[in-house]
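Read the structure below first, then the notes.
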Amino acid sequence: MSKYITTPIYYVNGEAHIGHAYTTFIADSVARYEKLRGEDTYFLTGTDEHGQKIEESAQKNGKDTQAFADEISATFKNLWDEFGISYDKFIRTTDDAHKKGVQRAFEVMYAKGDIYKDFYEGHYCVSCETFFTETQLVDGEFCPDCGRSTNVIKEESYFFRLSKYEDALLKHYEANPDFIMPRSRANEVINFVKGGLRDLSVTRTSFTWGVKMPESIKDDKHVMYVWLDALLNYVTALGYGTTEANMRYWPASVQLVGKDILRFHAIYWPAFLMSLDLPLPKHIGAHGWWTRDGEKMSKSKGNVISPKQVSDAYGVENLRYFMLREVPFGQDGDFSQRAFIDRINSELSNDLGNLLNRIIGMSGKYSDFEIDSVDVLKYHKKEIDAMNVVLDSLDAYMQNLQTHRYLEELWRLFSIGNKAIEEHAPWVKMKEDKKDEALATVALVANILAKASIMLHPIMPKTTNIIADTLNFKIDNASYKELVVNKNLLKLFNIKQTPPLFPRIEEPLMPEAPLAHPDAHKEAPKAVAQCAKEQDNLIEIGQFFQTSLKVGIVVEAEIVPKSSKLLKLKVDLGEENPRQVVAGIREFYTPESLINTHVCVVANLKPAKLMGMLSEGMLLAAKDEEGLCLIRPERPKKAGTPIG
RNA sequence: CGCGGAAUAGAGCAGUUCGGUAGCUCGUUGGGCUCAUAACCCAAAGGUCACAGGUUCAAAUCCUGUUUCCGCAACCA
């Protein structure tokens with residue numbers, strides 16, 4: 001049976017980050033594993049290049065949209081090539097074949113009655129050119145972005161009859177408990193579906209950068225909208241709707257996604273496939289996210305990790321090992337250099353690398369580097385049996401994407417090797433004139449290393465090839481069958497002297513908070529530019545006096561429930577009634593400390609609703625990286641005193 | 001009652017699907033070994049499995065409730 005492994009196609013709106021690398025590493029390892037086992041395997045990755053955002057980004061950069069997409073797409077492809085990702089195809093949604101395939105799929109769904117034309121109704125802000133849902137609007141009318149009033153607009157759209165597939169989807173989840181991996185995520189999806197599915201708008205008329213409508217449906221003003229276009233890549237890559245050349249790989253054996261896009265892959269995608277009468281993928285694997293030293297990565301914190309930077313510092317294979325070993329599949333993981341270095345030193349250097357060095361040293365001294373497995377079974381039946389148990393247990397872990405358990409188990413082999421050396425102490429046997437026993441132990445360890453490196457090959461392809469070279473064999477399907485499946489031992493050979501594979505790392509190799517972009521120090525001149533810009537942005541004094549600033553006295557203050565930042569205040573501005581002001585200062589002031597204190601208030605601001613509460617003014621405050629403080633009059637003034 | 005995740009040894013985490021002696025790594029302490037990358041091996045100390053109930057012969061695991069923490073969403077007027 002053939003295997004088909006996919007990553008999501010990555011959106012070309014920014015550079016590859018650590019999450020992209022993580023998904024790709026997992027997929028690459030699974031694909032390499034299947035290939036090693038001799039399965040007919042196809043591994044797909046690529047880029048998602050359509051949509052309004054790309055159109056806009058290209059414009060901002062003053063580039064032709066296609067040229068812009070080409071450029072970013074290439075950065076992904078180049079990075080994967082540099083990382084040695086073994087993809088069979090790198091698909092781009094701007095590929096002709098993909099577009100044709102999507103159009104074909106659209107026709108099939110349309111013919112089946114699963115796609116129909118209707119109106120997409122929503123609150124539209126003309127200046128922002130964006131639709132908002134009712135709950136997003138301020139005061140039920142105003143645009144949350146620009147504050148202008150919105151109109152209810154009907155936009156023509158084609159809809160996919162998602163609602164029709166509700167029951168079929170639920171049945172499928174029930175009949176295939178492993179469809180969503182890890183299973184703990186399945187409930188989320190099931191509950192969402194049970195909550196009812198609304199038909200899905202699958203075309204837009206508000207932009208043009210997308211797959212055109214099929215010619216058979218004469219409706220040029222529409223283009224396909226994200227998910228239909230993007231999800232179909234998994235079959236168009238195999239030739240769906242065009243050559244059909246590789247459709248034998250469908251259905252996919254595993255499709256990897258981040259947990260943020262699980263819903264689309266576990267609901268929309270299977271529904272599309274049902275509509276197309278195609279079988280559903282065997283598994284959707286949803287992995288977690290990476291944090292940095294316990295904190296969420298974000299550009300504003302400057303703690304985003306660039307995979308390129310880490311691999312430059314530590315090596316891409318070490319990074320692959322770390323990411324797949326550190327985190328149980330599906331859970332969030334934390335990247336810290338401390339944890340990374342610990343794993344490299346203790347597992348790669350001490351357990352694996354050092355073990356190889358031990359037998360190179362011994363074989364050199366005892367047998368002029370010659371290693372012969374002839375007496376291994378005679379003296380090491382126990383170790384061989386233990387090793388075979390481990391080797392047989394590994395497949396289940398990989399099939400379930402539990403790479404951390406796979407590697408944990410695999411590492412037992414090195415422990416068996418290190419213990420055997422200790423127990424049999426070949427240096428003692430040599431003194432006792434039992435050379436055959438000493439050499440058997442060395443050969444045992446050589447065999448352990450050979451078999452372990454075959455199984456480690458999917459995760460660390462280059463390094464394990466070096467080990468194999470040292471042990472005079474090649475890692476391929478033939479040696480996999482010979483040494484792992486049939487459990488045979490290495491033939492007589494001469495071991496190569498090889499420098500340590502994993503030098504110990506004593507100090508972190510990257511600055512503690514590496515920035516995503518090596519040229520991020522360009523940030524500094526930006527502040528200067530902003531000052532200069534303010535000089536160009538001078539206002540008349542009259543404009544300033546349009547703002548009514550007043551001294552106010554806080555008469556009431558309370559926490560807004562369920563919000564982390566907001567306090568609800570009543571402020572006396574010398575008017576009939578105190579004003580209600582909602583202020584985002586909860587992190588810095590307790591309600592009690594504010595009562596009966598003076599504040600400065602912008603008094604003629606248009607009221608706004610925050611968390612459903614009216615705010616009739618704004619407090620003046622100064623904020624820097626250390627926090628926020630209110631601006632207050634130096635001496636007490638009457639409530640309502642104007643500031644000017 | 002917006003959605004979701006988490007709480008297990010000094011630290012970081014497995015184990016929970018399917019109830020059956022609480023485990024791994026690092027660190028600490030003591031010992032051993034010299035083939036090896038200050039590596040390796042053995043041993044020890046260290047846990048009321050967040051809390052409270054319940055089901056059970058038996059609960060980290062299943063059920064109910066509670067607390068705390070972290071994301072997302074919301075939100076800095």
Side-chain angles (χ1 to χ4, degrees), chain A residues 135-136 138 144 147 177-178 181-188 191-192 195 259-260 262-263 288-289 291 294-296 325-328 330-334 336 338-339 341-366 400 402 404-405 408-409 411-412 414-415 417-430 438 441-442 445 499-506 560-567 581-588 601-602 604-621 623 628:
Chain A
T135 53
Q136 287 174 307
V138 177
D178 286 330
M181 297 198 297
R183 280 190 212 184
S184 53
R185 292 238 166 262
N187 283 337
E188 263 174 69
N191 286 337
F192 187 86
K259 64 181 183 183
D260 49 327
L262 173 62
R263 194 176 283 178
W289 290 332
T291 56
E295 289 190 326
K296 199 200 159 205
R325 173 65 184 83
E326 179 77 0
V327 185
Q331 299 214 8
D332 289 351
D334 186 55
S336 74
R338 185 73 261 142
I341 292 171
D342 280 351
R343 290 232 180 257
I344 293 174
N345 284 346
S346 101
E347 292 167 14
L348 295 175
S349 303
N350 297 351
D351 296 341
L352 197 179
N354 183 49
L355 185 60
L356 180 62
N357 260 29
R358 296 180 86 174
I359 61 161
I360 292 174
M362 282 189 277
S363 66
K365 285 182 188 172
Y366 307 154
N400 288 318
Q402 293 177 300
H404 79 293
R405 295 281 291 122
E408 192 181 345
E409 286 302 309
W411 246 247
R412 287 184 195 281
F414 305 129
S415 172
N418 275 318
K419 279 177 190 166
I421 294 177
E422 192 68 23
E423 198 178 319
H424 292 267
W427 48 92
V428 173
K429 295 289 192 297
M430 287 303 285
T441 304
V442 174
V445 174
L501 294 172
F502 307 100
R504 287 179 63 82
I505 296 170
E506 304 299 340
V560 175
K562 283 189 246 173
S563 86
S564 54
K565 297 183 178 172
L566 301 181
L567 288 181
V581 175
V582 181
I585 57 174
R586 177 166 163 189
E587 289 163 288
F588 311 100
V601 179
V602 181
N604 61 343
L605 207 59
K606 187 173 170 179
K609 246 186 194 175
L610 296 178
M611 300 287 284
M613 281 165 315
L614 204 62
S615 182
E616 305 169 299
M618 173 171 120
L619 302 190
L620 295 189
K623 188 176 183 186
L628 171 149

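Residue numbers begin at 1 in each chain, while the letters A, B, ... track the order of the sequences. Computed from a prediction, not measured in an experiment: that's the story for all the values here.
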Give a yes/no answer on whether the side chain of A:K259 brings an N or O atom under 4.0 Å of OP1 or OP2 in B:G5. no
In whole angstrom, what separates A:E422's CD from B:C35's C1'? 10 Å
Stacking between A:W427 and the base of B:U34 (centre distance under 5.5 Å, interplanar angle under 30°)? no
Do side-chain atoms of A:S363 reach the backbone of A:I360 as a donor and acceptor pair under 3.5 angstrom? yes
With rounding to the nearest 0.5 angstrom, report the CG to NZ distance, A:D332 to A:K259. 3.5 Å
Once rounded to the nearest 0.5 Å, what's the spacing between atom CG of A:D342 and atom CD of A:E326? 9.0 Å
In whole Å, measure the gap between the P atoms of B:G53 and B:A59 for me. 14 Å
Looking for any heavy atom pair under 4.0 Å, which part of the strands does A:P500 touch: base, sugar-phosphate only, or nothing? base
Sticking with atom P, work out how far B:U17 lies from B:C62, rounded to a whole angstrom. 5 Å
Expressed in whole Å, how much space separates the C1' atoms belonging to B:G19 and B:A73? 37 Å
Quick one: CG on A:D351 to CG on A:L356, what's the gap to the nearest 0.5 Å? 13.0 Å
Could you tell me which nucleotide pairs with B:C75 by Watson-Crick or G-U wobble geometry, both distances under 3.5 Å, or answer none if nothing does? none
If I pick the P atom on B:U8 and the same atom on B:G47, what distance separates them, to the nearest angstrom? 14 Å
What integer number of Å spans the P atoms of B:A52 and B:A60? 13 Å
Give a yes/no on whether any side-chain N or O of A:R504 is located under 4.0 angstrom from OP1 or OP2 of B:A39. yes
Strictly distance-based, threshold 3.5 Å: is any side-chain N or O of A:S349 a donor or acceptor partner for the main-chain N or O of A:F502? yes
Across the strands shown, which category fits A:D351 at heavy-atom distances under 4.0 angstrom: base, sugar-phosphate, nothing? sugar-phosphate
Work out how far the P atom of B:A11 is from that of B:A50, and round it to whole angstrom. 14 Å
Residue matched to B:G23 through Watson-Crick or wobble contacts both under 3.5 angstrom: B:C13
Categorize A:L501 for me: base, sugar-phosphate, or nothing, with a 4.0 angstrom heavy-atom threshold over every strand shown. base
Pairing nucleotide - B:A43, Watson-Crick or G-U, each distance under 3.5 Å: B:U29
Between B:U64 and B:A22, how many Å separate the two C1' atoms, rounded to a whole number? 25 Å
Taking the same atom, P, in B:U16 and in B:U21, what whole-Å distance lies between them? 13 Å
Atom-pair distance (CD1 on A:I359; C1' on B:C35), nearest Å: 11 Å
Whole-Å distance separating the CG atom of A:N345 from the P atom of B:U25: 16 Å
When rounded to the nearest 0.5 angstrom, what distance separates CD in A:E506 from CG in A:N345? 6.5 Å
Would you indicate, yes or no, if B:C40 has its OP1 or OP2 atom less than 4.0 angstrom from a side-chain nitrogen or oxygen of A:N350? yes
In whole angstrom, what separates A:E347's CD from B:G12's P? 17 Å
What is the nucleic acid contact for A:A583, judged by heavy atoms within less than 4.0 Å: base, sugar-phosphate only, or nothing? sugar-phosphate
